[in-house]
Amino acid sequence: MSYVKPKKSLGQHFLSDQNIARKIVDSLGVDSTNVLEIGPGMGVLTQYLLKRKELNLTVIEIDRDSVTYLQNNFPDLQNIWAEDFLKVDISSRFNGNFSIIGNFPYNISSQIFFRVLEMRDQIPEIVGMVQKEVAERIASNHGNKSYGILSVLLQAFYNIEYLFTVPENVFIPPPKVKSAVIRLKRNGIFKLPCSEKLFFEVVKTSFNLRRKMLRNSLKTICAKLPEHYAQKRPEQLSVSDFIKLTTEIENLNK
Ligand code: SAH
């Protein structure tokens, strides 16, 4: 088999531009020697990752044809997990930290980031290519239309950089949308001053009704919201506002 026929159901858009592939791999620092590549496909990023001898590379790929291709073409690639990233207990397989890199399957990129959040204390860095719109959302600050759940939750624990935009025509087949590469680096915050469970709940619940004022959307969590927040909408709150709000709700509910 000389190539893998792209499968739409698996979000397969193979990058065909070597310079961009190299640039993505060069964007990954050495915060951790263990690196997990999600969805290597035919290995366009993998080939450059393997050149970085300081890294201990593992790849996880759901598609059997791609796995066979990788086995045949990359004899140096020792660790191939032929599995679904969303279904494997990744964190217990690594002894300590691991970084993540990948041209992510766009249909599951948000889910990938929610998994990252669960494992955040083990993941110092992520370099990922996603839909441009998702990259903008993740990097967005309060006051912007694209600011949402993933922006707040990820920014609470990661410093986020929008690195560069990638056009449609460097993929086979070309996706319908532009792509972008982002880098997330774990910030120094290992414990929020409030309940983290409640923080996630407050953020998710307020953005689920993003047009509503917080006193309405958060009614089920807090019967009488502090005056200062009651009339605001979620996109007006910065990450630290959400942390303060959660702390106040926690105290009121005591
Ligand atoms: N990195 C390659 C392929 C990107 S396309 C390139 O840049 O060319 C996305 C890849 O993710 C595909 O190979 C697809 O099979 C794989 N994939 C899709 N869903 C997956 C999942 N749940 N777990 C692991 N890999 C997955």
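Just follow the structure's listing: the first ligand is 1, and inside any ligand the first atom is 1. Sequence positions, counted from 1, serve as the residue numbers for this chain.
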Undergrad: Quick one about Ser238 and Asp241 (side-chain donor to acceptor, distance below 3.5 Å, no hydrogens or angles considered), yes or no?
TA: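 Looking only at side-chain atoms, Ser238 and Asp241 do form a donor-acceptor pair, the distance falling under 3.5 Å.
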Undergrad: Is Arg186 salt-bridged to Glu125, cutoff N-O under 4.0 Å?
TA: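 No, no charged N to carboxylate O under 4.0 Å.
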Undergrad: Can a donor-acceptor pair be found between the side chains of Gln131 and Ser109 at a distance below 3.5 Å?
TA: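 Short answer, no.
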Undergrad: Look at atom CG of Asn95 and say whether more than 12 heavy atoms of other residues, nucleotides or ligands are closer to it than 6.0 Å.
TA: no
Undergrad: Honestly curious: do Ile100 and Leu15 fall in one hydrophobic cluster under the side-chain, below-4.5 Å linking rule?
TA: no
Undergrad: In the structure I gave you, are the side-chain heavy atoms of Ser206 and Phe242 within less than 4.5 Å of one another anywhere?
TA: yes
Undergrad: Can you name the residues that come within less than 4.0 Å of ligand 1, going by heavy atoms only?
TA: Leu10, Gly11, Gln12, His13, Phe14, Leu15, Glu37, Gly39, Pro40, Gly41, Val44, Ile60, Glu61, Ile62, Asp63, Glu83, Asp84, Phe85, Asn103, Pro105, Ile108
